[in-house]
Amino acid sequence: DEDFLSATLKATEGKGVNLVLDMVGAEYMAKNVACLAVEGRLVQIAFLQTPKVEIDWTQLMIRRLSFTGSTLRARSAADKQGLAQSLKQHIWPYLERGQMLPSIYAVFDLADAAKAHALMESSQHIGKILLKVAN
């Protein structure tokens with residue numbers, strides 16, 4: 001229930017985080033910048049809401065922040081394959097050891113997919129919404 005900016009600053013004792021990976025856009029942009037530590041990075045990978053926002057980028061300069069964007073859609077199959085291999089080599093071991101897990105907000109039975117979709121459209125969640133297809 002807590003605002004993610006407040007929660008982030010509280011959890012990091014006001015220092016902020018090194019990386020924000022965002023796929024929402026819109027009103028999250030200014031909060032994302034405010035969440036970042038000195039020399040932090042904001043990576044935009046999608047826009048679930050509007051990509052058009054007005055933001056004061058002064059903090060980008062003062063705190064030496066980096067802002068970049070990326071999308072898989074525009075990449076070639078070879079690029080995607082290289083990324084998948086790198087992910088398997090460098091990230092997958094952490095997942096297997098349970099050291100890096102996604103935040104799961106809710107799990108729905110496949111029969112309740114419409115409810116899961118309604119929750120996703122409401123943007124009232126923080127974390128992943130999963131559909132259970134088997135026991």
Around Lys80, counting heavy atoms of other residues, nucleotides and ligands shown, do more than 12 lie under 6.0 Å from its NZ? yes
Side-chain (Ser86) to main-chain (Gly82) donor-acceptor, under 3.5 angstrom: no
Val53 and Leu60: same hydrophobic cluster, using ILVMFWY side-chain contacts below 4.5 Å? yes
May I ask you to check whether over 12 heavy atoms, not counting those of Tyr94, lie within 6.0 Å of atom OH? no
If you define the side chain from C-beta out and look only at heavy atoms, does anything of Asn18 sit under 4.5 Å from Glu39? no
Atom CG in Leu131, atom CG in Leu110: separation rounded to 0.5 Å? 6.0 Å
Are Val20 and Met29 in one and the same hydrophobic cluster, where Ile, Leu, Val, Met, Phe, Trp and Tyr link if side-chain heavy atoms are under 4.5 Å apart? yes
Are Tyr105 and Met120 connected in a single hydrophobic cluster, I mean Ile/Leu/Val/Met/Phe/Trp/Tyr linked by side-chain heavy atoms less than 4.5 Å apart? yes
Where at least one partner belongs to residues 6-17, residue pairs that pass salt bridge (Lys or Arg N to Asp or Glu O under 4.0 Å), sequence neighbours excluded: none
Who are the salt bridge (Lys or Arg N to Asp or Glu O under 4.0 Å) partners of Asp109, not counting sequence neighbours? Lys132
Treating Ile, Leu, Val, Met, Phe, Trp and Tyr as nodes and any side-chain heavy-atom pair under 4.5 angstrom as an edge, say whether Val24 and Val17 lie in one connected cluster. no
Kindly check if the number of other-residue, nucleotide or ligand heavy atoms within 6.0 Å of CE (Met100) is above 12? yes
Is the backbone of Asp79 close enough, under 3.5 Å, to the side chain of Ser76 for a donor and an acceptor to pair up by distance? yes
Quick check for you: to the nearest 0.5 Å, what is the distance between His125 atom NE2 and Leu119 atom CG? 6.0 Å
Among all residues two or more places apart in sequence or in another chain, which pass the side-chain hydrogen bond (donor to acceptor under 3.5 Å, both in side chains) test with Glu121? His117
Within the distance-only criterion (no hydrogens, no angle test), does the side chain of Arg63 pair as donor or acceptor with the backbone N or O of Leu36 below 3.5 angstrom? yes
Sub-3.5 Å donor-acceptor pair from the side chain of Asp112 to the main-chain atoms of Phe108, do we have one? no
